[in-house]
> 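Here it is, the structure, as structure tokens.
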Number of protein chains: 2
Amino acid sequence: MDDRIYDLADLFKVFSDSTRIRILYVLMDGEKNVGDISEAVEMNQSAVSHQLKTLKTSHLVKVRRDGKAMLYSLADDHVETILKIGMEHISEED
Amino acid sequence: MDDRIYDLADLFKVFSDSTRIRILYVLMDGEKNVGDISEAVEMNQSAVSHQLKTLKTSHLVKVRRDGKAMLYSLADDHVETILKIGMEHISEED
DNA sequence: TGAACATATGAACAGTTGAACATATGAGAA
DNA sequence: TTCTCATATGTTCAACTGTTCATATGTTCA
């Protein structure tokens with residue numbers, strides 16, 4: 001059980017950065033390459049690439065190659081669900 | 001929308017620490033005072049009190065006074081829901 | 001093969017964070 | 001009021017994190 005607590009904390013740690021959340025929101029629109037993501041979140045390619053690696057390691061996004069480009073997309077429904085419930089929570093605060 | 005992204009990141013930041021998650025799990029068992037929580041998570045009173053303040057500020061726990069003691073409990077259903085979905089996610093990883 | 005493009009990686013630096021310690025506040029009992 | 005008990009707060013410090021810059025990797029096309 002203790003291991004799972006740490007894993008759980010690590011998962012939420014990934015959701016705890018606004019850049020990563022913005023990337024996830026961008027990907028809700030569908031599969032995108034790194035350049036398009038960079039443009040959408042207005043951050044340089046390197047920063048986005050670093051964050052995409054974090055997101056991939058925690059299985060929140062998946063990737064496939066298309067020629068020179070890498071196409072990222074959301075890994076599963078949990079991502080949107082967690083963001084949605086989080087939004088609900090902050091919306092209901094007094 | 002941008003403000004909400006920051007608020008959302010801040011919310012998940014609260015979930016991103018194993019001590020805080022353990023406190024939340026302890027509180028799933030019901031209302032508890034600070035001493036009992038400290039004992040349950042095996043951390044000193046000061047550390048727990050600091051974390052309880054963080055949890056309270058983000059509306060994840062609520063408090064009421066009972067004589068000298070402060071009784072903490074989970075604020076709403078979102079807390080358990082978010083932890084549950086997080087657990088589902090890490091359980092399904094390859 | 002070599003140039004051009006798309007993305008990844010490594011290092012360094014500033015900013016943030018959790019824990020520990022000491023101390024302060026507040027409530028009840030005497 | 002004064003003494004405890006229960007909890008909160010302020011400060012310090014080591015560890016961690018996100019961004020930037022520079023560079024490397026990998027793919028396509030000529």
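Just so we're clear, the structure is a prediction, and the values are computed from it rather than from any experiment.
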> Going by distance alone, is a donor N or O of one side chain under 3.5 Å from an acceptor N or O of the other, for B/Arg4 and A/Ser91?
yes

> I'd like to check B/Leu27 versus B/Val61 (side-chain heavy atoms, cut-off strictly below 4.5 Å). Are they in contact?
yes

> Within the pair A/Thr19 and D/dT19, is there a side-chain N or O less than 4.0 Å away from OP1 or OP2?
yes

> Could you give the CG-to-P distance, from A/Asp36 to C/dC5, as a whole number of Å?
16 Å

> Please determine whether residues B/Tyr6 and B/Val14 belong to a single hydrophobic cluster, defined as Ile, Leu, Val, Met, Phe, Trp and Tyr linked transitively by side-chain heavy-atom distances below 4.5 Å.
no

> Write down the distance between CE (B/Met70) and P (C/dT25), rounded to a whole number of angstrom.
16 Å

> C/dT9 base stacked by A/His50? Criteria: ring centres under 5.5 Å, plane angle under 30°.
yes

> C/dA8, OP1 or OP2 - any side-chain N/O from A/Tyr72 closer than 4.0 Å?
yes

> On DNA chain D, compare the nucleotides closest to A/Ala47 and A/Gly67; which residue's is nearer the 5' end?
A/Ala47

> Which nucleotide in the set D/dT19, C/dG18, D/dT7 lies at the smallest distance from any side-chain heavy atom of B/Gln51?
C/dG18

> Counting only heavy atoms not in A/Glu80, do more than 12 sit closer than 6.0 Å to its CD atom?
yes

> Nearest-nucleotide wise, let me know which of A/Ser18 and B/Leu52 is further upstream toward the 5' end of DNA chain D.
B/Leu52

> Does B/Leu8 reach the side chain of A/Phe15, with side-chain heavy atoms less than 4.5 Å apart?
no

> Between C1' on C/dT16 and CG on B/Asp10, what's the gap in Å once rounded to a whole number?
12 Å

> Counting side-chain heavy atoms from CB outward, which of D/dT7, D/dT28, C/dA8 is closest to B/Asn33?
D/dT7

> Inspect the contact between B/Lys13 and B/Asp10 and indicate whether a charged nitrogen and a carboxylate oxygen are less than 4.0 angstrom apart.
yes

> Whole angstroms only, please: what is the CE-C1' distance between B/Met43 and C/dC21?
13 Å

> Applying a 3.5 Å limit to both distances, which nucleotide forms a Watson-Crick or G-U wobble pair with C/dT16?
D/dA15

> Check the distance between C/dG28's P and B/Asp66's CG and give it to me in whole angstrom.
9 Å

> Which one, C/dG26, C/dA20, C/dA19, comes nearest to the side chain of B/Arg65?
C/dG26

> Report the distance from atom CZ of B/Arg64 to atom C1' of D/dA6, rounded to the nearest whole Å.
15 Å

> Could you state the atom-to-atom distance from CG of B/Asn44 to P of C/dG18 in whole Å?
15 Å

> Counting only Watson-Crick pairs (N1-N3 plus N6-O4 or O6-N4) and G-U wobbles (N1-O2, O6-N3), all under 3.5 Å, who is the partner of C/dA22?
D/dT9

> Mind calculating the distance between OH (A/Tyr6) and P (D/dC16) to the nearest angstrom?
12 Å

> Mark yes or no for a side-chain to base donor-acceptor pair under 3.5 Å between B/Ser46 and D/dT7, with no hydrogen or angle criteria applied.
no

> Assess whether one donor atom and one acceptor atom, taken from the side chain of A/Gln45 and the base of C/dA8, lie less than 3.5 Å apart.
yes

> Now, which nucleotide makes the Watson-Crick or G-U wobble pair with C/dA11, with each of the two distances under 3.5 Å?
D/dT20

> Look at all strands and tell whether B/Ala69 reaches a base, only sugar-phosphate, or nothing, counting heavy atoms closer than 4.0 Å.
sugar-phosphate

> Counting only side-chain heavy atoms from C-beta out, which of D/dT20, D/dG26, D/dA8 sits nearest to B/Val34?
D/dA8

> Does B/Lys68 put a side-chain nitrogen or oxygen below 4.0 Å from OP1 or OP2 of C/dG26?
no

